[in-house]
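For reference, the structure is listed below as structure tokens.
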Number of protein chains: 2
Amino acid sequence: MALDERKFLILRAIIDDYITTAVPVGSRTVSRKSGVGFSPATIRNEMSDLEELGYLASPHTSAGRIPSAKAYRLYVDQLLKVGELSKEETDFLREHLNVRSAQVDTVLNAAAQALSNITQYTALVTAPAVSSMRIRRVQLVPVDDQTALMIVVTNASIIKDTLIRVPEGLTPDLLHNLSETLTQALADQPLSNVRQRFAEVLRDLKENRKLFAGVMNALENRLEDEEKTKVVVGGPSNLLHYPEYSDVGRARDFLSVLESREKLYPLLRTGGSMEFTIRIGPETGVPELSDCSLVTATYRMDDQTGGTIGIIGPTRMHYGHVLSALGTMGRLLTGVLSREETEKEK
Amino acid sequence: MALDERKFLILRAIIDDYITTAVPVGSRTVSRKSGVGFSPATIRNEMSDLEELGYLASPHTSAGRIPSAKAYRLYVDQLLKVGELSKEETDFLREHLNVRSAQVDTVLNAAAQALSNITQYTALVTAPAVSSMRIRRVQLVPVDDQTALMIVVTNASIIKDTLIRVPEGLTPDLLHNLSETLTQALADQPLSNVRQRFAEVLRDLKENRKLFAGVMNALENRLEDEEKTKVVVGGPSNLLHYPEYSDVGRARDFLSVLESREKLYPLLRTGGSMEFTIRIGPETGVPELSDCSLVTATYRMDDQTGGTIGIIGPTRMHYGHVLSALGTMGRLLTGVLSREETEKEK
DNA sequence: GGTTAGCACTCGGGCATCGAGAGTGCTAAC
DNA sequence: GTTAGCACTCTCGATGCCCGAGTGCTAACC
């Protein structure tokens with residue numbers, strides 16, 4: 001059975017109400033709402049239908065009804081009107097993102113903080129994917145006789161650094177020269193090409209072969225590590241405000257998901273080219289999050305997909321507001337991380 | 001009134017019991033304990049005295065008694081026997097600390113993780129104080145025409161990096177030379193001396209004065225920032241297991257303290273030269289932590305005080321175990337961070 | 001005189017009871 | 001097709017009650 005106009009209307013009214021109150025909605029409540037000109041009895045019939053169709057559920061006989069995951073799905077797909085963020089809110093986000101330091105880490109932290117503040121849910125932010133970066137420079141810095149620090153400067157001034165072992169007797173000047181060679185070979189390459197380019201360099205090389213191979217290994221390992229690890233969480237305790245988490249057990253479960261990068265990270269792998277991804281309850285695939293929803297968006301870095309930002313909240317979250325907040329933040333982040341030479345820190 | 005032998009005995013029995021059960025202790029329970037050869041009635045008299053002296057409190061008439069902060073104070077000062085960690089536990093800590101990466105960040109994270117695991121409380125770890133570090137190298141890496149990345153390599157391979165603005169037209173080679181000059185001037189200096197040394201370098205300098213001044217500013221700002229920010233938290237949700245936090249409101253308050261570096265950091269400023277600092281309940285000075293205790297210890301880096309590690313738990317925490325865990329971890333960290341050339345990553 | 005048994009008393013937690021309120025589903029009338 | 005009415009169900013909060021745990025006091029005991 002397709003849902004007719006009136007069912008949509010009623011369903012939306014119920015969801016809207018439930019999102020703000022977290023209390024099961026009864027027929028009287030819906031009937032009183034503006035825009036619905038029917039008596040409770042009529043509403044009841046419709047609600048009964050909606051329940052049968054799987055959009056509503058009753059916690060028990062004499063409570064009202066609450067929307068099911070299926071209802072939220074419908075809601076975000078068809079009923080949702082995404083508003084713009086208010087001027088104040090946009091300014092709030094922009095301001096919070098305007099940190100002195102140009103360190104990407106700091107920016108991401110600020111972003112998570114701002115998002116969690118503005119939504120009052122929990123924010124997740126991943127670092128830009130390495131695949132979206134290009135190498136600017138590779139620099140080897142001597143640390144002691146046998147160790148050097150390899151520093152990779154990418155666009156957006158992300159730094160990856162690793163200690164590598166070097167043959168003894170390499171002078172700073174020699175390392176500097178090696179750095180130049182490496183930089184020339186690798187500059188402006190996307191990181192995904194590194195292995196290949198490296199192989200070419202290696203082929204043309206006479207001396208220091210071993211060193212270069214070591215550098216390459218270190219580089220690759222480091223990048224893989226990095227890719228997997230970094231998720232910044234903002235406002236983890238925000239969700240404890242909501243009645244969904246008045247039970248400590250649930251709260252603990254939720255928080256322990258946030259502590260485990262392994263569970264968190266897959267959720268933030270961007271699913272295709274969509275601007276937004278919304279996962280409702282069970283759709284997250286994480287049992288502990290079965291009454292949470294996760295909304296993610298991506299930001300870009302120099303026209304490549306950069307990273308993911310997301311909000312976790314109860315399934316009855318304010319999807320509209322969250323979407324617009326993520327949208328705005330995505331644009332802001334894209335701007336900040338891509339600005340390159342356009343702006344300088346003081 | 002001084003406490004006689006028997007009062008000590010009884011008080012310890014009560015505290016021991018309460019620490020493991022979290023349930024108010026009655027006279028019968030104490031009497032049944034091994035080592036106490038008195039009837040409940042006698043115990044009652046003593047308990048009554050202890051209450052009058054401020055060591056015990058009764059939640060209400062017909063519950064048992066619970067230890068006061070004063071009692072815990074006495075307990076840790078005089079009654080506590082600090083055991084050694086078991087072989088297994090020591091191995092556990094060592095193993096968890098044995099991470100591939102030599103990055104200090106990673107090590108600190110691992111330490112926090114291991115500590116929270118082994119104690120089942122919440123662990124705090126601060127990065128080594130900048131004052132305890134020495135500069136190994138200063139390196140300027142070109143990023144684009146007007147920007148360079150300044151990298152400071154310190155012992156324990158901590159990296160501080162900042163973008164600075166440079167005059168146009170500086171070639172990589174020139175920057176490299178500048179780096180050499182800086183390194184020679186600053187190498188092996190403790191960071192606290194930097195300003196002074198810098199001034200000397202600056203005096204002898206003819207060209208590039210401005211650039212050097214810029215570098216110096218950037219360096220100092222960066223260091224100050226760093227000092228204030230970094231606190232690694234391990235197992236924040238661990239405390240939610242305890243009945244003290246069966247109320248979500250308390251849990252939220254606690255967690256929000258962990259989220260605020262401002263409240264957290266002062267707690268970890270090491271108070272003097274003590275090996276351990278124990279702050280019980282109100283002694284923390286943070287209202288939200290009034291029924292928590294905080295135990296901290298320090299680790300060293302190259303014979304300087306490095307940073308702080310700490311455990312937050314309920315006031316009825318297993319002080320003995322926590323102390324030995326912190327002691328062991330402190331030694332391990334000191335070892336790892338000071339090993340310098342003694343070991344290399346694969 | 002310190003120690004202990006006995007006993008009356010107190011208090012909170014658990015449990016059943018009860019009524020109020022909210023909401024439903026059904027039927028019959030509009 | 002819509003609505004009013006009504007009986008029914010279920011939760012929630014309040015009330016009262018009992019039980020157990022624990023205390024404090026007194027008097028007896030060693």
Side-chain angles (χ1 to χ4, degrees), chain A residues 1-11 13-18 20-33 35-68 71 243-244 246-247, chain B residues 1-11 13-18 20-33 35-68 71 243-244 246-247:
Chain A
M1 172 187 357
L3 273 59
D4 58 23
E5 198 68 19
R6 196 166 69 184
K7 284 196 174 52
F8 276 127
L9 185 67
I10 292 173
L11 187 54
I14 292 173
I15 295 178
D16 280 339
D17 193 84
Y18 187 70
T20 59
T21 66
V23 168
V25 189
S27 53
R28 278 181 61 85
T29 319
V30 177
S31 152
R32 269 198 303 266
K33 278 230 164 172
V36 188
F38 301 97
S39 78
T42 313
I43 309 286
R44 276 205 288 282
N45 291 327
E46 297 288 30
M47 285 169 79
S48 185
D49 289 353
L50 285 167
E51 179 164 4
E52 206 160 321
L53 291 166
Y55 293 105
L56 295 178
S58 9
H60 57 84
T61 347
S62 85
R65 265 121 167 157
I66 59 174
S68 66
E244 281 85 347
S246 55
D247 174 52
Chain B
M1 180 192 343
L3 272 59
D4 59 25
E5 198 68 19
R6 196 166 71 186
K7 285 198 172 55
F8 275 127
L9 185 68
I10 292 173
L11 187 54
I14 293 173
I15 295 178
D16 280 338
D17 193 84
Y18 188 70
T20 59
T21 65
V23 169
V25 189
S27 52
R28 279 182 61 86
T29 319
V30 177
S31 151
R32 270 198 303 267
K33 279 232 165 173
V36 188
F38 301 99
S39 78
T42 312
I43 310 285
R44 277 205 288 282
N45 291 327
E46 297 288 31
M47 285 169 79
S48 184
D49 289 353
L50 285 168
E51 178 163 5
E52 207 161 318
L53 291 167
Y55 293 104
L56 294 179
S58 9
H60 58 84
T61 345
S62 85
R65 274 143 165 137
I66 61 175
S68 65
E244 280 85 346
S246 55
D247 175 51

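Hydrogens, waters and symmetry mates play no part in the numbers below; they use all other heavy atoms, side chains included. A note on names: the letters A, B, ... follow the listed sequences, proteins ahead of strands, and every chain is numbered from 1.
Distance B:Arg44 CZ to C:dT4 P: 11 Å, rounded to the nearest Å. In this structure, the CD1 atom of B:Ile14 is 13 Å from the C1' atom of D:dT23, given to the nearest Å. Atom C1' of nucleotide D:dT2 and atom NZ of A:Lys7 are separated by 14 Å, given to the nearest angstrom. Rounded to a whole Å, the CZ atom of B:Phe38 is 18 Å from the P atom of D:dC30. To the nearest angstrom, C1' of C:dG25 lies 12 Å from CE of A:Met47. What separates CZ of B:Arg28 from P of D:dT23 is a distance of 11 Å, to the nearest Å. Straight-line distance from the CD atom of A:Glu5 to the P atom of D:dG1: 17 Å, rounded to whole Å. Rounded to whole Å, the distance from CG on B:Leu56 to P on D:dG22 is 14 Å.
If you check C:dA29 for Watson-Crick or wobble pairing at under 3.5 angstrom, you find it paired to D:dT2. Base pairing of D:dT11 is made with C:dA20, judged by Watson-Crick or G-U wobble geometry with both donor-acceptor distances under 3.5 Å.
A:Glu46 places none of its side-chain heavy atoms less than 4.5 Å from the side chain of A:Phe38. Considering only heavy atoms from C-beta on, B:Tyr55 comes within 4.5 Å of B:Leu3 through its side chain. Counting heavy atoms from C-beta on, the side chains of A:Leu56 and A:Leu11 come closer than 4.5 Å. Counting heavy atoms from C-beta outward, B:Asp17 and B:Val23 have side chains that stay 4.5 Å or more apart.
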Close N/O contacts between protein and nucleotides 8-11 of chain C (under 3.5 Å):
| unit_1 | atom_1 | unit_2 | atom_2 | d |
| --- | --- | --- | --- | --- |
| C:dC11 | O2 | B:Ser62 | OG | 2.8 |

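When each of B:Pro40 and B:Pro59 is assigned the nucleotide of DNA chain C with its nearest heavy atom, B:Pro40 is the one assigned upstream, toward the 5' end.
Atoms CD1 and CD1, on B:Ile14 and B:Ile43 in that order, are 8.0 Å from each other to the nearest 0.5 Å. Remark: B:Ile66 CD1 to B:Glu51 CD distance equals 10.0 Å, nearest 0.5 Å.
If you check D:dT23, C:dT4, D:dT3 against the side chain of B:Asn45, the one that comes closest is C:dT4. Nearest to the side-chain atoms of B:Thr29 among the listed nucleotides D:dG22, D:dT23, D:dG24 stands D:dG22. Comparing C:dT3, C:dG25, D:dA4 against the side chain of A:Ser39 picks out D:dA4 as the nearest.
Across all strands shown, A:Ala63 has heavy atoms under 4.0 Å from sugar-phosphate atoms exclusively, and none from any base. At the heavy-atom level, A:Arg65 lies under 4.0 Å from the strands shown only through sugar-phosphate atoms. Within 4.0 Å (heavy atoms only), B:Ser27 reaches sugar-phosphate atoms of the nucleic acid but no base atom.
The shortest non-hydrogen separation linking B:Arg65 to B:Ser48 is NH2-CA, 3.8 Å.
Remark: A:Arg6 is in phosphate contact with D:dT2, judged by side-chain N or O atoms under 4.0 Å from OP1 or OP2.
Between the side chain of B:Ser68 and the backbone N or O of B:Ala71 there is at least one donor-acceptor pair closer than 3.5 Å.
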